[in-house]
Undergrad: 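Next up is a structure, given as structure tokens.
Read the numbers this way: they start at 1 and go in the same order the structure lists the ligands and their atoms.
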Amino acid sequence: MEFIKVTPNYAPHIALIELNRPKELNALNLQLMGELRDALKALDQEDEVRVIVITGNERAFAAGADIKQMAGKGTIDMWKVDQFSTWDQINKTRKPIIAAVSGFALGGGCELAMSCDMIVASETAQFGQPEIKIGVMPGAGGTQRLTRAIGKAKAMELVLTGRFIKAEEALSYGLINQIVPVELYLEESIKLAKEIASMSPIATQMAKEAVKRSFETHLDEGLHFERKNFYMLFAAEDQKEGMNAFVEKRKPEFKGK
Ligand code: DAK
């Protein structure tokens, strides 16, 4: 891995992926996206890992797709490479993913953060979809996920003007989960990850799946899906452990079985 650093056991049950092209503000080139896809796929199959945290560095989570790599490309080149189909792997990942964002999360970088399940932002984080300023438009979910997250009026404004918003504004629109001091953004993300990792991993993955389904279906179908996952959890030892622990007034020990 050249452009990402993967630590599968950063903390018990928590894997950390660090985007690592600091000079280019973690611009997402083809190789980086390929590495990210492979890492997520591997971590999703690793039983020990329950939660994945993706981060950049203090200055940039990611400043977007690599403009230098895209600049000379034609339609067919883009279509053939279809770099962002690698993002399907992010969407397919069953384990909860937290984006720990500091600095720039722009274009594809903002789309990457929004593809994660939760965003913990430092007070210096900035979000935006500035593609319009370079003559294109968002292509990896920006028009869809941003609109679902913050509503049409603000999404339209950000997509059509390309302006950046600061963490405070992003929080007020419901784009992110929390703002923390810059020196704590990774620590706080890991703290959140630990809280989630202490639950049954089967339950967290099924719950994640059901919440995501709410974006893709109408209410009846979503409720049906939710109920099915709820019933399925009664096949797991973790359900017995969780409920017995409650009755016995002790802390549950979830095994992911
Ligand atoms: N690509 C390549 N290099 C980048 C980059 C990027 N997105 N962002 C920054 N860099 C590089 C800069 O060129 C510079 O490199 P050197 O000149 O030193 O070699 C270095 O990182 C530091 O950047 P700056 O010198 O510009 O630093 P500043 O602090 O002055 O400015 C900035 C920071 C983030 C405001 C600025 O760098 C900036 O505006 N960056 C571009 C942001 C942007 O426009 N992002 C959107 C990119 S387009 C697709 C789906 C989606 C997409 C594409 C295809 N398909 C489905 C096929 C997504 C497209 C995008 O994300």
Side-chain angles (χ1 to χ4, degrees), residues 2-5 17-38 40 54-93 97 99-116 119 121-150 154-170 175-176 182 185 215-216:
E2 186 182 349
F3 295 129
I4 66 172
K5 188 176 164 212
I17 300 178
E18 292 164 273
L19 309 181
N20 190 24
R21 285 189 83 201
K23 276 200 221 129
E24 294 82 6
L25 306 185
N26 290 332
L28 307 167
N29 65 6
L30 282 174
Q31 188 181 330
L32 188 156
M33 287 309 297
E35 290 177 6
L36 185 59
R37 176 200 55 213
D38 295 346
L40 285 171
I54 301 181
T55 196
N57 55 54
E58 210 173 294
R59 187 168 173 219
F61 178 71
D66 190 325
I67 302 171
K68 292 166 192 165
Q69 195 174 54
M70 283 187 298
K73 295 262 192 309
T75 299
I76 301 301
D77 302 322
M78 292 299 281
W79 176 76
K80 266 193 194 157
V81 172
D82 197 15
Q83 106 159 263
F84 284 77
S85 69
T86 58
W87 291 46
D88 295 347
Q89 182 56 49
I90 304 172
N91 297 324
K92 271 194 257 165
T93 306
I97 309 176
V101 175
S102 181
F104 300 111
L106 304 174
C110 186
E111 289 166 318
L112 174 59
M114 289 191 294
S115 298
C116 297
I119 302 176
S122 88
E123 56 208 349
T124 64
Q126 295 194 60
F127 299 85
Q129 296 291 162
E131 293 89 339
I132 204 79
K133 291 185 179 168
I134 53 169
V136 288
M137 60 175 278
T143 63
Q144 305 302 302
R145 288 204 181 87
L146 188 65
T147 309
R148 281 168 169 78
I150 72 176
K154 279 294 164 192
M156 200 65 94
E157 183 183 326
L158 296 195
V159 168
L160 298 187
T161 66
R163 86 171 172 91
F164 305 166
I165 55 171
K166 297 203 162 120
E168 286 289 347
E169 210 176 338
L175 182 64
I176 62 176
V182 65
Y185 77 97
F215 287 104
E216 288 149 20

Undergrad: As an exercise, identify every atom of ligand 1 less than 4.0 angstrom from a heavy atom of A27.
TA: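 Atoms satisfying the 4.0 Å criterion: 1 (N), 2 (C), 6 (C).
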Undergrad: Once you round to the nearest 0.5 Å, how far does CG of L32 lie from CD1 of I4?
TA: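 Going from CG on L32 over to CD1 on I4, the span is 6.5 Å.
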Undergrad: Can you tell me how far OG1 of T86 sits from CD of E35, rounded to the nearest 0.5 angstrom?
TA: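 Result: 11.5 Å between the selected atoms.
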Undergrad: With atoms numbered from 1 as shown, which atoms in ligand 1 lie under 4.0 angstrom from a non-hydrogen atom of K23?
TA: 20 (C), 21 (O), 22 (C)
Undergrad: So which of K68, M78, E24 gets nearest to atom 12 (C) of ligand 1, if we judge by its closest heavy atom?
TA: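 Going through K68, M78, E24 one by one, K68 has the nearest heavy atom to atom 12 (C) of ligand 1.
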Undergrad: Please say whether A65 places an N or O atom under 3.5 Å from an N or O atom belonging to ligand 1.
TA: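 Yes, since at least one N or O of A65 sits under 3.5 Å from an N or O of ligand 1.
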Undergrad: List ligand 1 atoms under 4.0 Å from A140, heavy atoms only on the residue side.
TA: 50 (C), 51 (C)
Undergrad: Contact between ligand 1 and R59 is defined here as a heavy atom of the residue under 4.0 Å from a ligand atom; is it met?
TA: yes
Undergrad: Is ligand 1 under 4.0 Å from a heavy atom in the side chain of K133, in the backbone, in both, or in neither?
TA: neither
Undergrad: Taking only heavy atoms of G108, which atoms of ligand 1 are found under 4.0 Å from at least one of them?
TA: 60 (C), 61 (O)
Undergrad: Within this structure, what is the CZ-CG distance for the pair F61 and L19, rounded to the nearest 0.5 Å?
TA: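 With rounding to 0.5 Å, CZ (F61) is 5.5 Å from CG (L19).
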Undergrad: Nearest 0.5 Å, what's the CG-SG distance between L175 and C110?
TA: 6.0 Å
Undergrad: Evaluate the side-chain proximity of V159 to M137: yes if any heavy-atom separation is below 4.5 Å, no if none is.
TA: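 Not in contact.
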Undergrad: As an exercise, identify every atom of ligand 1 less than 4.0 angstrom from a heavy atom of E131.
TA: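 Contacts of ligand 1 toward E131, numbered from 1: 48 (S), 59 (C), 60 (C), 61 (O).
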Undergrad: Does atom CD of E157 have more than 12 heavy-atom neighbours, drawn from other residues, nucleotides or ligands, at distances under 6.0 Å?
TA: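 Correct, the count exceeds 12.
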Undergrad: Looking at I150 and A155, what are the two nearest heavy atoms and their distance?
TA: CD1-N, 3.7 Å
Undergrad: Only heavy atoms of P130, strictly under 4.0 Å: list the atoms of ligand 1 that pass.
TA: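 Listed by number with element: 43 (C), 44 (O), 45 (N), 46 (C).
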Undergrad: To the nearest 0.5 Å, what is the distance between CZ on R59 and CG on L25?
TA: 4.5 Å
Undergrad: Just verifying a value: how many Å separate D38 CG and M33 CE, rounded to the nearest 0.5 Å?
TA: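 Between D38 CG and M33 CE, I get 11.0 Å after rounding to 0.5 Å.
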Undergrad: What part of L28 sits under 4.0 Å from ligand 1 if we count only heavy atoms: the side chain, the backbone, both or neither?
TA: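 No part of L28 is near ligand 1 at this cut-off.
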Undergrad: When you measure from the heavy atoms of Q69 to every atom of ligand 1, does any distance fall below 4.0 Å?
TA: no
Undergrad: Is there a nitrogen or oxygen of I67 sitting under 3.5 Å from a nitrogen or oxygen of ligand 1?
TA: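 N/O-N/O distance below 3.5 Å exists for this pair.
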Undergrad: Of all the atoms in ligand 1, which lie at a distance below 4.0 Å from a heavy atom belonging to G64?
TA: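 Counting atoms of ligand 1 from 1, those under 4.0 Å from G64 are 61 (O).
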Undergrad: Just distances here: any N/O of P138 and N/O of ligand 1 closer than 3.5 Å?
TA: no
Undergrad: Any idea which atoms of ligand 1 are less than 4.0 Å away from a heavy-atom of I134?
TA: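 Per the distance check, 48 (S).
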Undergrad: Does the cation-pi check pass for K133 over F164, that is, NZ or CZ under 6.0 Å from the six-membered ring centre and within 45° of its axis?
TA: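 Yes.
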Undergrad: Would G139 count as being in polar contact with ligand 1, using the rule that some N or O on each side must be under 3.5 angstrom apart?
TA: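 Min N/O separation from ligand 1 is not below 3.5 Å for G139.
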Undergrad: Can you list everything that forms a side chain to side chain donor-acceptor pair (under 3.5 Å) with E131? Sequence neighbours excluded, please.
TA: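 Q129.
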